[in-house]
Amino acid sequence: MVKEYDVIVVGGGHAGCEATAAAANMGSRVLLITMNMATIAQMSCNPAMGGVAKGQIVREIDAMGGYSGIITDRTAIQFRMLNRSKGPAMWSPRAQSDRWLFAQEWRLMLEQTKNVEFWQDMVTGLVSENGKVSGVKTNLGVTFKSKAVILTNGTFLNGLIHIGEKNFGGGRAAESKATGITEDLVSLGFEAGRMKTGTPPRVDGRSLDYSVMEEQKGDENPSKFSYRDTTSPLKEQKSCFITYTNETVHDILREGFDRSPMFSGAIEGTGPRYCPSIEDKIERFSERDRHQLFIEPEGWNTVEIYVNGFSTSLPLDVQEKAIKQVKGFENAKIFRPGYAIEYDYFPPTQLKHTLETKIIEGLYFAGQINGTTGYEEAACQGMMAGINAHLRVKEKEALILKRDEAYIGVLIDDLITKGTKEPYRMFTSRAEYRILLRQDNADSRLTPLSYKIGLASDEQLKRVEEKNGSIKQLLQKLDNISITPEETNTYLAENKTANIRQKVKASSVITRPQVTLKSISNVIPSIREALEPNTTEIIEQAEIRIKYQGYIDREKDMAEKMTRLEEVKLSDKIDYFSFQSLSSEAREKLNNIRPSTLGQASRISGVSPSDISVLMIHLGR
């Protein structure tokens, strides 16, 4: 049984789904191979999408023509915009999802996507010829040929699950591990490593006492992720709840430390710094007498509850005893225990910016195989790998997003330039151009780029053009409105900001942090008239432009200066060890990572400004 495809995607998680959709929608014939078709797009850990910086990534995926935003909107049970009290660069959308509907909706979307075929099997190795990938081999003895292969194996590569002193092979609870791929890649010259992640116990919501917990409702006027008109904001939402651990819980957990795989040395892989297990938290932050737990429903109709913040690999009896000491959990019944999982990954410095490997042409890595953690980080890598695999197959120029264009660009550049020795998670602090990379303008930033390569639709581009036109028109109207002290000063005094002494442009007053377009429109009829035809989205965008234009211009200027370095190409054949003026660390790291541009070289840890000057002199600059 031999078939040939343009692109083969291995793994049906978030990265694999977006890779499949992107390549297929651009016109490639795609085969998605997964070990279990019933678990395509499974939410392995928390039933939520988005969050700080992650929400921006989901919106960027949607702006590019990916499916994650649409799927999240269609299966959401709660929506919140985080960090509203901070500036717009920090606003981050997050949605609780119905776990089962999410997976079902993804599978249906892929089944309805032209050019997609499926095969349920375990891939055990690659087929390559003369340094180029040409297909994959499966456990059933089937060989599929292709021009490009994308590996999105998640936690399945030689996965090992730990619960206390027990450990067993598995890629996820009740699912087999994947074998063969790591060994095959290592034999081809790839470097492999081990990482660890974990998940909390799931409990029966009927056994909890919510009356003693803090209720956390969704936004009063919820938004949504997708810019497209195919989804709508939630009209009904489910609440989450907040409770806390206590000293009794901590003492019980400590009693199990001698049987903990984390402390006994049974776990060798590095765990996520920013999502530690509960035992790690009480060990590292011993001065704290409590830790916050978020009680998250897994769907509209199920009673299963996700205990966010209680990730653990302690023995089952310790988990059960400790969790019953949490307020509201006195009668809690556990559906399944928390566990840790170790898995293989491949240091991402072995990749190009396209996510194609440097060793084997046509082979791409996306998701946790690159050392990342999180659905959103995986999904965006999958999309970019799918895009670039298609472009390579069709012999077209690759698409590489820059750091000032998208959080996706920041993530990929961080991975291949700096590498990672612990599970990588995206934060707003990782991006130096945060005010440019807001969640509200991802469509304006990315849809035109995606449209050019044939992924974003005509409807998406038309919507962006209409939106930008409306924003520009509203800004022009506001710029032409003048306001007087007589009609404005009472409002300004009520909002504790200085009076004006003469007629001024309305936009100059709107720049003040105490003034909002919505509130001032209630007292200035001309502003109210300017706003009336526009949607909340247009008004919000216009207000951000007025208030933050100085910061926006400054970041654009910084990005343009850095672009000059990005335009200076570095040959992949440079012998950096021959540059005696470079520091020894710079020679070693430049030779290992082999940056494609001077800008990328400048971001490598250990490469100093003086090292960059040496390279510029060598290049005749």
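Tyr339 does not carry Arg172 over the face of its six-membered ring by the limits of under 6.0 Å from the centre and within 45° of the normal. Cation-pi geometry between Arg94 and Phe79 is not met at under 6.0 angstrom from the ring centre and within 45 degrees of the axis.
A salt bridge links Lys54 to Glu377: at least one charged side-chain nitrogen sits closer than 4.0 Å to a carboxylate oxygen. The residues Arg403 and Glu555 are annotated as not salt-bridged, no charged nitrogen and carboxylate oxygen being separated by less than 4.0 angstrom. Classification of Glu422 and Arg273 as a salt-bridged pair holds, one side-chain N sitting under 4.0 Å from a carboxylate O. Between Glu405 and Arg445 no salt bridge is recorded (no basic side-chain N to carboxylate O distance below 4.0 Å).
For residues 521-539, the pairs satisfying side chain to side chain donor-acceptor pair (under 3.5 Å) are Arg463-Glu537, Lys467-Glu537, with sequence neighbours left out.
Around CD of Glu287, the count of heavy atoms belonging to other residues, nucleotides or ligands within 6.0 Å exceeds 12. Counting heavy-atom neighbours within 6.0 Å of Lys238 NZ, excluding the residue itself, gives a total above 12.
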- Item | Step-by-step side-chain hydrogen bond (donor to acceptor under 3.5 Å, both in side chains) determination, Ser313 to Glu279 | CA-CA 8 Å; Ser313 58; Glu279 55 264 40; 3.2 Å; yes
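Side-chain atoms of Gln460 come within 3.5 Å of backbone atoms of Ser457 as a donor-acceptor pair (strictly under, hydrogens ignored).
Shown are Phe102, Trp106, Tyr67; of these, the ring-ring contact (aromatic ring centres under 6.0 Å, His included) with His14 is made only by Phe102.
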